[in-house]
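These numbers come from the heavy atoms of this one structure, side chains and all, not from hydrogens, waters or symmetry mates. Small disclaimer: the values here were computed from a predicted structure and weren't measured.
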Amino acid sequence: ASDGTGAHNLTKRAGLARAGSPDWAPDSRRLAVVGQRKAERRFGIYVVSIDGGDATRITPPAWEAQYPAWSPDGTQIAFTRVDPSANTFDLYVTAPDGSKRRRLTRHAAEDNYAAWSPDGARLVFSSERGAAGLGLWTIGADGADERFLTAGGEPQWEPASLIVYDCPTPEPSVEAGGPGHSCVVR
């Protein structure tokens with residue numbers, strides 16, 4: 001219920017020592033989370049059932065991964081793979097069971113915070129590329145057709161085909177590193 005009762009630690013009960021960045025599956029029965037078991041050295045992407053049971057890691061144990069995002073039809077999860085040895089942050093997609101893993105981006109910049117278009121055909125993500133600084137980019141779900149959209153970061157693609165994101169602001173934040181403004185673009 002949405003009245004605050006029945007709260008419990010779902011990811012701890014699923015066997016994770018630490019977890020965050022939850023994203024609901026379209027069926028509302030599962031979550032994709034960034035998690036780590038006690039014996040693991042790296043965070044990975046896990047799928048957790050809200051009905052209980054053990055969390056399933058869907059990224060390789062040697063990988064560091066973050067920011068999961070379910071596709072609208074529930075057949076794919078986008079995420080960022082962090083490769084400390086190469087100092088890269090690239091977008092990947094995988095099936096919810098960890099199969100069919102594909103790399104979408106290959107860039108020296110940090111590609112993060114992927115969000116799916118309502119029809120699942122494209123993703124929007126944050127990246128610091130070139131003189132533009134932090135910006136929003138889109139890419140086809142097949143990894144083709146990367147396009148710069150606008151300056152900003154941490155996007156969310158809403159059902160009305162609007163993208164809301166953290167936009168740059170010329171005014172200093174109230175506190176260093178504090179929030180700026182939210183913008184919307186089609």
Original post:
Is I45 linked to V47 within one hydrophobic cluster, defined over Ile, Leu, Val, Met, Phe, Trp and Tyr using a side-chain heavy-atom separation of less than 4.5 Å?
Top reply: yes
Original post:
Under a 4.5 Å cut-off applied to non-hydrogen side-chain atoms, are E40 and R57 in contact?
Top reply: yes
Original post:
Do R41 and E64 meet the salt-bridge criterion of a basic N to acidic O distance under 4.0 Å?
Top reply: no
Subject >> Residues forming a side chain to side chain donor-acceptor pair (under 3.5 Å) with R29, sequence neighbours excluded >> reply: none
Original post:
From R101 CZ over to R81 CZ, what is the distance, rounded to the nearest 0.5 angstrom?
Top reply: 9.0 Å
Original post:
Ring centroid separation for F125 and Y113, is it under 6.0 angstrom?
Top reply: no
**OP:** Evaluate the side-chain proximity of S126 to L136: yes if any heavy-atom separation is below 4.5 Å, no if none is.
**Re:** yes
Subject >> Ionic contact status for D90 with R103, cut-off 4.0 Å >> reply: yes
**OP:** May I have the step-by-step check of side chain to side chain contact (heavy atoms under 4.5 Å, CB included) for Y46 and Q36, ending in yes or no?
**Re:** CA-CA 9 Å; Y46 282 84; Q36 184 180 41; 5.8 Å; no
Subject >> Partners meeting ring pair (Phe, Tyr, Trp, His ring centres under 6.0 Å) with W70 (sequence neighbours left out) >> reply: none
**OP:** Please say whether more than 12 non-hydrogen atoms of neighbouring residues, nucleotides or ligands are located less than 6.0 Å from CZ in R18.
**Re:** no
**OP:** Please round to the nearest 0.5 Å and tell me the distance separating atom CG of L149 and atom OG of S127.
**Re:** 13.0 Å
Original post:
Does Y92 belong to the same Ile/Leu/Val/Met/Phe/Trp/Tyr cluster as F89, with side-chain heavy atoms less than 4.5 Å apart forming each link?
Top reply: no
**OP:** May I ask you to decide if T80's main-chain N or O and D111's side chain share a donor-acceptor pair within less than 3.5 Å?
**Re:** no
Original post:
Can you tell me how far the CG atom of D23 sits from the CG atom of L31, to the nearest 0.5 Å?
Top reply: 8.0 Å
Original post:
Quick one: is the NZ or CZ of R30 closer than 6.0 Å to the six-membered ring centre of W24, and within 45° of its axis?
Top reply: no
Subject >> Rounded distance [0.5 Å steps], CZ in R37 versus CG in L16 >> reply: 5.5 Å
Original post:
Judged by atom type as modelled, is there a donor-acceptor pair below 3.5 Å linking the side chain of R42 to the main-chain atoms of A65?
Top reply: no
**OP:** Mind checking ring pair (Phe, Tyr, Trp, His ring centres under 6.0 Å) for F43 and listing every partner two or more places apart, or none if nothing turns up?
**Re:** none
**OP:** Could you tell me whether the side chain of V34 reaches within less than 4.5 Å of the side chain of P68, counting heavy atoms only?
**Re:** yes
**OP:** Output yes when a side-chain donor or acceptor of S117 lies under 3.5 Å from a complementary backbone atom of A121, and no otherwise.
**Re:** yes
Original post:
Taking atom types as modelled, is there a side-chain donor on N9 or T11 under 3.5 Å from an acceptor on the other?
Top reply: yes
Original post:
Are any non-hydrogen side-chain atoms of R147 and D145 less than 4.5 angstrom apart?
Top reply: yes
Original post:
Is the closest basic N to carboxylate O distance between R122 and D142 below 4.0 Å?
Top reply: no
**OP:** Classify the ring geometry between F79 and W63 as parallel (under 30°), tilted (30 to 60°) or perpendicular (over 60°).
**Re:** tilted
Subject >> P72 vs P118 side-chain heavy atoms within contact, under 4.5 Å >> reply: no
Subject >> Heavy-atom closest contact (A114 atom, A69 atom, distance) >> reply: O-CB, 3.4 Å
Original post:
Is S71 reaching over with its side chain to a backbone N or O of I77, donor-acceptor style, under 3.5 angstrom?
Top reply: no
Original post:
Honestly curious: do Y67 and I58 fall in one hydrophobic cluster under the side-chain, below-4.5 Å linking rule?
Top reply: no
Original post:
Does some side-chain heavy atom of Q76 sit less than 4.5 Å from a side-chain heavy atom of R102?
Top reply: yes
**OP:** Answer whether the closest heavy-atom distance between the side chains of L10 and V48 falls below 4.5 Å.
**Re:** yes
Original post:
Of the non-hydrogen atoms in A14 and D54, which two are nearest, and what is the gap between them?
Top reply: O-OD1, 2.8 Å
Subject >> T105 side chain vs H107 backbone, donor-acceptor pair below 3.5 Å >> reply: no
